[in-house]
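All ligand and atom numbering here is 1-based and tracks the order in the structure. These values consider heavy atoms only, across backbone and side chains, with no hydrogens, waters or symmetry-generated copies.
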Amino acid sequence: MVVENNVALQPYNSFGIVARAQRLVRVRQEADLIELMTSANWPVLTREAPPFVLGGGSNLVITGDVKPLVIKMEIRGRRLIEETDKGWLVEAGAGESWHETVRWTLEQGWPGLENLALIPGCVGASPVQNIGAYGVELQDRFSELDAIDLQTGQAFTLNAAQCGFGYRDSVFKHTPAGDKGFGLAGRAAITRVRFWLPKPWKPVLGYADLERKIAETGIAHPDAQQIFDWICAIRSAKLPDPAVIGNAGSFFKNPTVSEDQCADIIARDPKVVHYPMADGSIKLAAGWLIDACGWKGRGVGNAGVYEKQALVLVNRGGATGGEVMTLAKAIQTSVYERFGILLEPEPVVV
Ligand code: EPU
């Protein structure tokens, strides 16, 4: 295994932040990681800090040069494992592009992932975040994943329950000593993910943006490819393309409040965008809260708030991770002062 030194990370993070990895290895198959972990070099490489697994870097803020060993996950490969009269079981390597994988499943005639089109990043990161958009979350289409334990070198498989999925959350975002009391953050290198795409396919069209497309086009019964095209158009219209303007998608989670708290906010701000949840709590649109505090288009240094969607922080060119985090903290403070709500960031900060 080749350990590369002093590797530029700008091409590997969607924010486009300039930083370097002191040491980086590229894992193209499971055996590469096992070989590395059993080499005499491993204790030396991980002596000061546990390794850091890098996927597509689309949910990441890098605040300086990365000292831990960076394991860049580049495992490729996509295949149909099984088709039954109940659905398709499809597997993809962690290093495959998420969007290209969605496109490929549709080309093969296996619908189900279309609402998750155009989400940046790699397949391996999709369970970490439990990515979601337009009424579908990864957990709705997830079967299992394979991973390698970075402490023991053992390969293991987890089902959905074992992944502890929540809203933009999973066991991979929590440390064992963290608030949940369990976690695999920093411990699991996800190598492959399997998706279950059920038959018969049912379109998920409940979101206002999609209802608008139905009204505009007069297509009341879109097929999966049509929904894919609509989602791509909707996202492109309001979210910046990371290849053009660096960003990490939504920077904060949409916060959940109680009915009383929401009533209190509505009394002061009747226009607050809110959605009742099945458990009786209410989800607020963080983008609206940030927008209401006047942040759209403002910034700190070269880090800014996107003009078309206040939930997205962007790199206007040459932003540092420090500038992004200073901006994020300033936004948190003003939303807290006005609404009494502490917004929780989505991306991983290193
Ligand atoms: N809004 C404003 N001003 C803004 C931004 C939003 O008033 O600057 C209002 C919108 O008008 C809308 C509401 O807030 O009424 C919600 O906005 P939007 O539909 O754009 O969705 P979101 O809640 O901001 C979430 C996800 C997105 C996902 C979309 C669609 C989170 C944190 N974000 O955004 O996911 O694509 O819904 O399902 O849950 C991501 O996680 O990176 C991401 C892009």
Quick check on atom 42 (O) of ligand 1 - does any protein heavy atom sit closer than 4.0 Å to it?
yes

Could you tell me if Lys271 sits above the aromatic ring of Trp288, with its cationic atom closer than 6.0 Å to the ring centre and no more than 45 degrees from the axis?
no

Kindly state if atom 27 (C) of ligand 1 has a protein heavy atom within a strict 4.0 Å cut-off, that is, under 4.0 Å?
yes

Is the terminal nitrogen or CZ of Lys296 (NZ for Lys, CZ for Arg) located under 6.0 angstrom from the six-membered ring centre of Tyr306 and within 45° of that ring's axis?
no

Going by the side-chain contact (heavy atoms from CB on, under 4.5 Å) test, name the single residue among Asp269, Leu289, Thr333 that passes it with Arg338.
Asp269

Suppose we measure from atom 38 (O) of ligand 1 to each protein heavy atom; which comes out shortest, and what is that distance?
Tyr134 N, 2.7 Å

For Tyr167, atoms of ligand 1 separated by under 4.0 Å from a heavy atom
31 (C), 32 (C), 39 (O)

Taking non-hydrogen atoms only, is Trp295 closer than 4.0 angstrom to ligand 1 via side chain, backbone, both or neither?
neither

Check: Phe142 ring centre within less than 6.0 Å of Phe165 ring centre:
yes

Proximal ligand 1 atoms for Ala310, defined as those under 4.0 Å from one of its heavy atoms:
4 (C), 5 (C), 8 (O)

Sequence neighbours excluded - ring pair (Phe, Tyr, Trp, His ring centres under 6.0 Å) pairs with any residue from residues 203-234
His99-Phe228, Tyr134-Tyr207

Heavy-atom distance from atom 11 (O) of ligand 1 to the protein below 4.0 Å?
no

Could you tell me the separation between the CD1 atom of Ile227 and the SG atom of Cys232, rounded to the nearest 0.5 Å?
12.0 Å

Minimum heavy-atom separation for Glu114 to Ile231, with atom names?
O-CG1, 3.8 Å

Atoms in ligand 1 flagged as close to Asn254, the criterion being non-hydrogen separation under 4.0 Å:
23 (O), 31 (C), 32 (C), 39 (O)

In this structure, atom 37 (O) of ligand 1 is nearest to the protein heavy atom Tyr207 CE2, 4.7 Å

Apart from Leu89 itself, which Ile, Leu, Val, Met, Phe, Trp or Tyr residues share its cluster (side-chain heavy atoms under 4.5 Å, direct or through members)?
Ile81, Trp196

Please determine whether any non-hydrogen atom of Gln129 lies less than 4.0 Å from an atom of ligand 1.
no

Looking only at heavy atoms, what is the nearest atom pair of Ile245 and Pro240, with distance?
CB-CB, 4.1 Å

Do any nitrogen or oxygen atoms of Gln309 come within less than 3.5 Å of a nitrogen or oxygen of ligand 1?
yes

Ligand-residue contact atoms, ligand 1 with Val273, heavy atoms, under 4.0 Å:
13 (C), 15 (O)

How does Glu346 reach ligand 1, by side chain, by backbone, by both or by neither, if only non-hydrogen atoms under 4.0 Å count?
side chain

for atom 40 (C) of ligand 1, nearest protein heavy atom and its distance come out as Ser250 OG, 3.1 Å

Backbone or side chain, does any N or O of Tyr275 fall under 3.5 Å from an N or O of ligand 1?
no

With a cut-off of 4.0 Å, which atoms of ligand 1 are near a heavy atom of Leu311?
24 (O), 32 (C)

Enumerate the atoms of ligand 1 whose separation from the nearest heavy atom of Ala285 is less than 4.0 angstrom.
13 (C), 14 (O), 16 (C)

Backbone, side chain, both or neither: what part of Phe252 comes under 4.0 angstrom of ligand 1, heavy atoms only?
backbone

Decide if atom NZ of Lys199 counts as having more than 12 heavy atoms of other residues, nucleotides or ligands within a radius under 6.0 Å.
yes

Note the single closest protein heavy atom to atom 3 (N) of ligand 1, along with its residue, its atom name and the distance in Å.
Asp291 OD2, 2.8 Å

Does a side-chain N-to-carboxylate-O contact under 4.0 Å join Arg26 and Glu4?
yes

Pair Asn59-Gln129, side-chain donor/acceptor within less than 3.5 Å:
yes

Should Arg20 and Asp65 count as an ion pair when the cut-off is N to O under 4.0 Å?
no

Take atom CD of Glu48 as the centre, draw a 6.0 Å sphere, and report whether it contains more than 12 heavy atoms from other residues, nucleotides or ligands.
no

Could you list which atoms of ligand 1 come closer than 4.0 Å to a heavy atom of Arg168?
26 (C), 27 (C), 31 (C), 33 (N), 35 (O), 39 (O), 40 (C), 41 (O), 43 (C)

For ligand 1, which atoms have a heavy atom of Arg235 less than 4.0 angstrom away?
36 (O), 44 (C)

So is Lys308 in contact with ligand 1, going by heavy-atom distances below 4.0 Å?
no

Shortest protein heavy-atom distance from atom 1 (N) of ligand 1, along with the residue and atom involved
Trp288 N, 3.8 Å

Regarding ligand 1, does Lys238 bring an N or O atom to under 3.5 Å of one of the ligand's N or O atoms?
yes

